[in-house]
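Below, chain A is the first sequence line, B the second, and so on; all start at residue 1. The analysis underlying the following values was restricted to heavy atoms, covering all of them including side chains, and did not include hydrogens, waters or symmetry mates.
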Amino acid sequence: MYITITNSDLLVGFEPRVHMLASGMWVEKYRPQTLSEVVNQTEIIGSLEALIKDPTDMPHLLFSGSAGVGKTTTALCIARQILGEYVRDYTLELNASDERGIGMVREKVKKFSRYAGMADVPFKIIILDEADEMTADAQTALRRIIEDTARYCRFILIANNISKIIDPIQSRCATFKFTSIPQDDVINHLESIAKKEKVKADKKGIQAIYDYSEGDLRHAINLLQATASLGAVTEEHVRASAGLTKTTDVDEVLKIALAGKITDAREKMIELIKVYGMSESDFLKYLNSAVFKSKHEKLSDILEVIAKYDYRILVGANPEIQLSALLAELGKIES
Amino acid sequence: MWSEKHRPQNVSDMIGNEESRAAIMEWFAKWKKGTKPILLVGPPGIGKTTIAYLTAKQFGYDMIGLNASDVRSKSRINEILSPVLGNVSVLGTPMIFVDEVDGIHGRGDYGGAEALIQILKEPTVPIVLAANSDSSEKMKSIKKVVKTIYFKPIPPRLLRVYLQNILKKEAAKLSPGSLIKVIDKSHGDIRSMINLAQSFVTGFNPQTEQSFESVNVEDGINAFFKAKSLDEARSVLYSMQIDPRQKIDAFYSSVITSNLDNHTFSDLLNILSKADVLYGKIMRTQNWRLLRYLNEILIKLYKNDERIRYSQYNLSWPLLNRIRWDGRKIKAFSLLMAKKLHLSSSAFVTICLPYLLFCVKNKTLEVVLDTEFDDIIEKEIELLK
């Protein structure tokens, strides 16, 4: 028996009031507010601007691309540009990985789309982030929801991997594939933020941030801010901040599991998932990159084991059992 | 199975609910076109289905039995019943028996209840319905068009006579204490009483109080790993009549907390993983009949190994407490921040939270929270590497 803490426990009378402006975080403070400010992605921005010139014609949109290249930012810019001052009331933002199943999505969309807009707006906008986290069944239900609400609502779906979006949904959307942002653009952007924040930053420091964040601009800006809290942005300070993220903890889980310390690895994995709320699919994603980074001599054996249990999680019922079994099997590989 | 083998052959062989039985007999005897259908309401296992079959036989009807899953949709009902309801019948003298009508209105029953009510309003053949309860909204509309007959649980003294009769026929014995337990545990449900008695008599350690108790999770798991043979382990496993999810979880927490070498550990978890996959598939597809294979996966866990003992919890206390207290706060905080930063809470907690805490630690960022959250920020800053 283990204790499950559901979201509903959390939400009943248990929501902290945070008196920190989101703009305290640089990712928010420097988030582009209009399409023209979005870094790179010039082709996409050009055609989107043309598409929303007459908003009533706007189709549903589907954005794909890796993390931190501007998908969500672009979606928010579109909403702001079309809805103007009403953007708060007429935009619904959902993140599929935080909603408990398609039923929850349906309820929220239904409630939100019930009435036509009272204000002078062409339609309401629903931004559904991480749509590729939904199972095929859930996406089929989503397709119905999109059709049922098409009179009053437009969807902007966001996904890392477009091949995980079912065809019927793809065919109902105008699809935009976001490419990764070129190194020079990331570096220029980081430098301009450093300048505005009056933080000293040397070339090597900025380069180190780029290397560590692997083209993910959101991660890069977060790392820049963390580094700047130590003073100047130097290579040394970047290195001191870079190991902080919980992906390092996943690297650690892999290491101790391979060393055969299964119980320790399992407790750490459960801490990440149950204390911090890392999703199982994110855990597996980071575990995969940890394996590649490790350059282990039995790399393909390890990945085969992970693949086996990743599949079982998808068809199984209890991810904790599956992940524990995964770690236990990793513990046999080196012996 | 005893409960099938000893199903009564005549209405007069049945026990309990004399008045209800008489009412049904009378209804059948007087039935003519247009007579209101009857609804039998009562707890499971007291003979509603049995009496429907027996009276049908006695009065010479050919019974067409439906259950909740057949009555899912209007088209399905019509497809099954229209040849029966029409004037020309190739089926002899039909009657309709619908079991579990209170189960009709689950999800996905498109118009099933409405279609049924239409048929109930103008019955051209005798219709008998059965339900465990008649209190739900949907049942109210059904009740308007039928005559309701209630069945009560069978009193213990009748159960005892009945059970002793069966035991005599089977030449089996139960100690008086066990007999009382079986009767008491059944709560007036004849079928479950007979099943219980059978598993009790044929169990791995018959006629002792202990075999009865092995239904309990803790003793069951311990007896499983203490069993001297595979057959003994198997009968322990089958006698643990608990929810399959509970069963898998109980084995999981027992295995995970035991002190085993890595190979054994991995092998056992692999088996549990397979059991969980099967359970997941069953839940997803609702193909409950696959459940019968679950025990045969779990039996592979068997080894005579005293190291594996039942454990209710599968985590250390510090971690359990951390999940319960810290986890709750962290999750509430990150869900809120994730919304502000247009992220999933998982992405926030993995990438942003550590950087945020680092900035707070270095005093370049300030987070003011309700007092009950203050300590968690401090604690997490301490934990930063």
Side-chain angles (χ1 to χ4, degrees), chain A residues 1-3 5 7 9-10 14-20 22 24-25 27-28 72 76 93 95 97-98 129-130 219 222-223 225-226 228-230 241 243-247 260 262 266-267 270-271 274-279 282 286 309 312 315-318 321-322 324-325 328-329 331-332 335, chain B residues 245 248-249 252-253 256 262-263 265-266 269-270 272-273 276-277 279-281 283 312-316 319-320 322-324 326-328 330-338 340-347 349-352 354-356 358-359 362 364-370 373 384-385:
Chain A
M1 250 356 73
Y2 33 79
I3 293 162
I5 297 163
N7 278 339
D9 296 334
L10 294 171
F14 202 76
E15 198 169 317
R17 286 190 295 273
V18 184
H19 304 287
M20 183 190 73
M25 299 294 289
V27 268
E28 260 334 283
T72 310
L76 292 169
E93 256 189 273
N95 194 305
S97 87
D98 279 333
D129 220 326
E130 301 197 23
H219 190 167
N222 275 316
L223 179 53
Q225 185 173 13
S229 76
L230 290 170
S241 325
L244 291 168
T245 60
K246 291 269 173 266
T247 58
I262 299 165
R266 176 174 169 269
E267 291 242 327
I270 287 178
E271 185 187 31
K274 297 215 164 166
V275 177
Y276 290 99
M278 182 184 285
S279 67
D282 275 353
Y286 301 131
Y309 287 97
R312 288 187 185 177
V315 288
N318 184 335
I321 292 182
Q322 301 300 343
S324 300
E329 197 160 332
K332 288 199 304 192
S335 57
Chain B
R245 171 83 268 160
I248 298 172
D249 288 350
Y252 170 67
S253 53
I256 208 107
N262 280 356
H263 271 268
F265 201 49
S266 172
L269 282 173
N270 188 25
L272 282 166
S273 149
D276 180 61
V277 165
Y279 183 74
K281 282 180 184 159
M283 292 304 285
Q312 189 182 354
Y313 301 103
N314 62 50
L315 294 173
S316 61
L319 185 52
L320 274 177
R322 200 152 137 67
I323 292 172
R324 183 175 277 182
D326 299 354
R328 212 170 149 222
I330 292 171
K331 281 184 188 166
F333 176 68
S334 57
L335 206 60
L336 191 87
M337 287 303 294
K340 284 178 187 278
L341 298 175
H342 313 281
L343 281 171
S344 70
S345 50
S346 170
V349 94
T350 310
I351 311 287
C352 288
Y355 289 143
L356 184 149
F358 193 60
C359 291
N362 296 328
T364 58
L365 194 69
E366 206 181 342
V367 183
V368 186
L369 284 164
D370 289 354
F373 287 89
L384 276 183
K385 272 173 256 66

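Between the A:Glu267 side chain and the B:Ser316 main chain, a donor and an acceptor come within less than 3.5 Å of each other.
Side-chain contact of A:Glu329 with B:Ser266: a donor-acceptor pair under 3.5 Å is absent, judged by distance alone. Between A:Tyr309 and B:Asn270, the side chains place a donor N or O and an acceptor N or O closer than 3.5 Å (distance only, hydrogens not considered).
The contact between A:Leu76 and chain B is made entirely by side chain atoms (from C-beta outward), counting heavy-atom distances below 4.5 Å. Both the backbone and the side chain of A:Ser279 come within contact range of chain B, judged by heavy atoms closer than 4.5 Å. Heavy atoms of B:Leu343 lying under 4.5 Å from chain A belong to its backbone as well as its side chain. Heavy-atom distances place both the backbone and the side chain of A:Val315 under 4.5 Å from chain B.
Once rounded to the nearest 0.5 Å, the distance linking CG of B:Leu272 with OG of A:Ser324 reads 10.0 Å. With rounding to the nearest 0.5 angstrom, the CG atom of B:Leu319 is 8.5 Å from the CZ atom of A:Arg266. The NE2 atom of A:His219 sits 5.0 Å away from atom CD1 of B:Ile351, with the distance rounded to the nearest 0.5 Å. Here A:Leu223 contributes atom CG and B:Tyr355 contributes atom OH; the two are 4.0 Å apart, rounded to the nearest 0.5 Å.
Under the side-chain hydrogen bond (donor to acceptor under 3.5 Å, both in side chains) test applied with A:Asp98, the options B:Ser346, B:Ser334, B:Ser345 reduce to a single match, B:Ser345.
When all heavy atoms are compared, the tightest approach of A:Val275 to B:Lys331 is O-CG, 4.2 Å. The two residues A:Asn222 and B:Cys352 make their nearest non-hydrogen contact at ND2-SG, 3.1 Å. Of all heavy-atom pairs between B:Leu315 and A:Ile270, the closest is CD2-CD1, 3.4 Å. Closest non-hydrogen pair, B:Ser344 versus A:Asn95, comes out as N-ND2, 3.0 Å. Nearest heavy-atom pair, B:Val349 versus A:Tyr276, reported as atom, atom and distance to 0.1 Å: CG2-O, 3.2 Å. B:Asn262 and A:Lys332 make their closest contact through O-CG, 4.3 Å (heavy atoms, listed as atom of the first residue, atom of the second, distance).
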Evaluation steps, salt bridge (Lys or Arg N to Asp or Glu O under 4.0 Å), between A:Glu28 and B:Lys340: CA-CA 8 Å; A:Glu28 260 334 283; B:Lys340 284 178 187 278; over 6 Å; no

Verdict with reasoning, A:Arg312 to B:Asp276, per side-chain contact (heavy atoms from CB on, under 4.5 Å): CA-CA 9 Å; A:Arg312 288 187 185 177; B:Asp276 180 61; over 6 Å; no

Stepwise side-chain contact (heavy atoms from CB on, under 4.5 Å) check, A:Glu93 with B:His342: CA-CA 8 Å; A:Glu93 256 189 273; B:His342 313 281; 2.7 Å; yes

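Between chain A and the options B:Asp326, B:Ile256, B:Thr350, the largest number of non-hydrogen pairs under 4.5 Å is found for B:Thr350. Interface check for chain B: of the options A:Gly243, A:Ser229, A:Gly260, A:Ala328, the most heavy-atom pairs under 4.5 Å are formed by A:Ser229.
Within the 4.5 Å cutoff, the side chain of B:Val277 has heavy atoms near those of the A:Gln322 side chain. Residues A:Met25 and B:Leu365 have side chains in contact (heavy-atom distance under 4.5 Å, counting atoms from C-beta outward). Residues B:Thr364 and A:Gln225 form no side-chain contact, since every pair of their non-hydrogen atoms from C-beta on lies 4.5 Å or further apart.
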